[in-house]
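This report refers to the structure that appears directly beneath it.
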Amino acid sequence: MRTTSRLALTGIATAAALTLAACGGSGDGAGAGGDGKTMKLALNQTEDHPSYIALEAFGEDLNEATDGRWDIEVYPNATLGAQDETIQLVSDGSVDLSIVSAPQLENLNDDFVVFSLPTVFDSVDSQMSIINDADVVGDVYASLEDSQNFSVVGGITQGARSFYTKDGPVQTPADMQGLKIRVQESPVFISMMKALGASATPMAFGEVYTGLQSGVIDGAENNEVSYFTQKHFEVAPYFSYTRHLIGADFLIASTPVLDAMSQEDRAAFDEAWQNTWKYHTELWNEATEKAITDAESGGATFTEVDAGAFADALSPMIEEFVTTDTQRALYDGIKAAGE
Ligand code: GCU
């Protein structure tokens, strides 16, 4: 659906953008927004990553639907900072929007831990409808508005994450013993490495290539798309299909900016977001296939391994991390919605 409508929309949105440029634009990107503005969106992916492509389309759709009042400028490649920094920038209002990985929000409210647990999501399609369903996630998404001034608008998938290493594939958890593995900066990921006998090295996404190249770390874990677009395959050519969890990225938005939108423009924003995550999901499978082919051409090897043994080793994490009533309610809500 989205693929065809996107092509049609692109022409219209381009025309709208040209008209807008001729009229002098719709705001300077500072302050809450008033009658509209061009919002800055921070992203730590490259321009050929599906997130960049879908978010660019988000801006075009929004611009068109609000007659040019609201637009989005996507800043890729972490040019506005690493994710933990952009969370701070959205919180203090100097950046309007950012894409952040679920574990980054875990540090602000540990209910978010639930989104990064192994086996919580069964498939990308089911994950995507659940993490954009306000009935299931509405409370947790609004939970940082008072303390941090931002709202979670919704999610896009990171697909299944697997390990990749410099020196040969990891076939079983025993192969992880003693390896230094880069993880996202969060307790749940540190605990995951502990459960597998590896040594967790928390590190920002943008530092992983150099970390692998210099030997500070022996490996990392991610999806095929980031493995390829970040060129990690060049320095860690053994990708082992552990698929230990399906990760989620969130769109966070400055709450004062959202509140500055008229009811009509806010509805347009929400609708454009619904189109965005669906478009992103459509792009995801194709991008994954291409990433595999391109990384293989660059010398990477993809190996099916004993994923069940990894899942077994990680299964105690549910009990370890789902401990409060709100975490339990969220976990149960996600599980029930996935059935
Ligand atoms: C994925 C995810 C990013 C995240 C990265 C990481 O690429 O989409 O949001 O930053 O993993 O491992 O840090």
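Remember, it's a predicted structure, so these values are computed and weren't measured experimentally. Both counts, for ligands and for their atoms, begin at 1 and track the order of listing. Sequence positions, counted from 1, serve as the residue numbers for this chain.
- Near Gln158, the atoms of ligand 1 lying under 4.0 angstrom from a non-hydrogen atom of the residue are 2 (C), 8 (O), 9 (O).
- Residue Arg161 approaches ligand 1 through these ligand atoms, each under 4.0 Å from one of its heavy atoms: 1 (C), 6 (C), 11 (O), 12 (O).
- A side-chain donor-acceptor contact under 3.5 Å links Gln104 and Glu185.
- Protein heavy atom in closest approach to atom 10 (O) of ligand 1: Asn44 ND2, 2.9 Å.
- Side-chain contact annotation: Tyr279 with Gln274, donor-acceptor N/O pair under 3.5 Å absent.
- Taking 4.5 Å as the limit, some side-chain heavy atom of Arg161 sits within range of a side-chain heavy atom of Gln184.
- No side-chain donor-acceptor contact under 3.5 Å links Thr46 and Gln230.
- Under 4.0 angstrom from ligand 1, there are no non-hydrogen atoms of Val100.
- With hydrogens left out, the protein atom closest to atom 8 (O) of ligand 1 is Asp249 OD2, 2.6 Å, a heavy atom.
- A donor and an acceptor atom, one from each side chain of Ser226 and His232, are nowhere located under 3.5 Å apart.
- Annotation for ligand 1: atoms under 4.0 Å from non-hydrogen atoms of Ser226 are 1 (C), 7 (O).
- The closest approach between any non-hydrogen atom of Arg182 and ligand 1 is below 4.0 Å.
- Residue Gln45 places a heavy atom less than 4.0 Å from ligand 1.
- In summary, the side chains of Glu224 and Thr288 do not present any donor paired with an acceptor at a separation below 3.5 Å, with no hydrogens or angles considered.
- Using a 4.0 Å cut-off between heavy atoms, Ile99 makes no contact with ligand 1 at all.
- Here the protein heavy atom with the shortest distance to atom 1 (C) of ligand 1 is Asn222 OD1, 3.4 Å.
- Only one option out of Tyr227, Phe302, Phe233, Tyr238 pairs with Tyr164 in a ring pair (Phe, Tyr, Trp, His ring centres under 6.0 Å); it is Tyr227.
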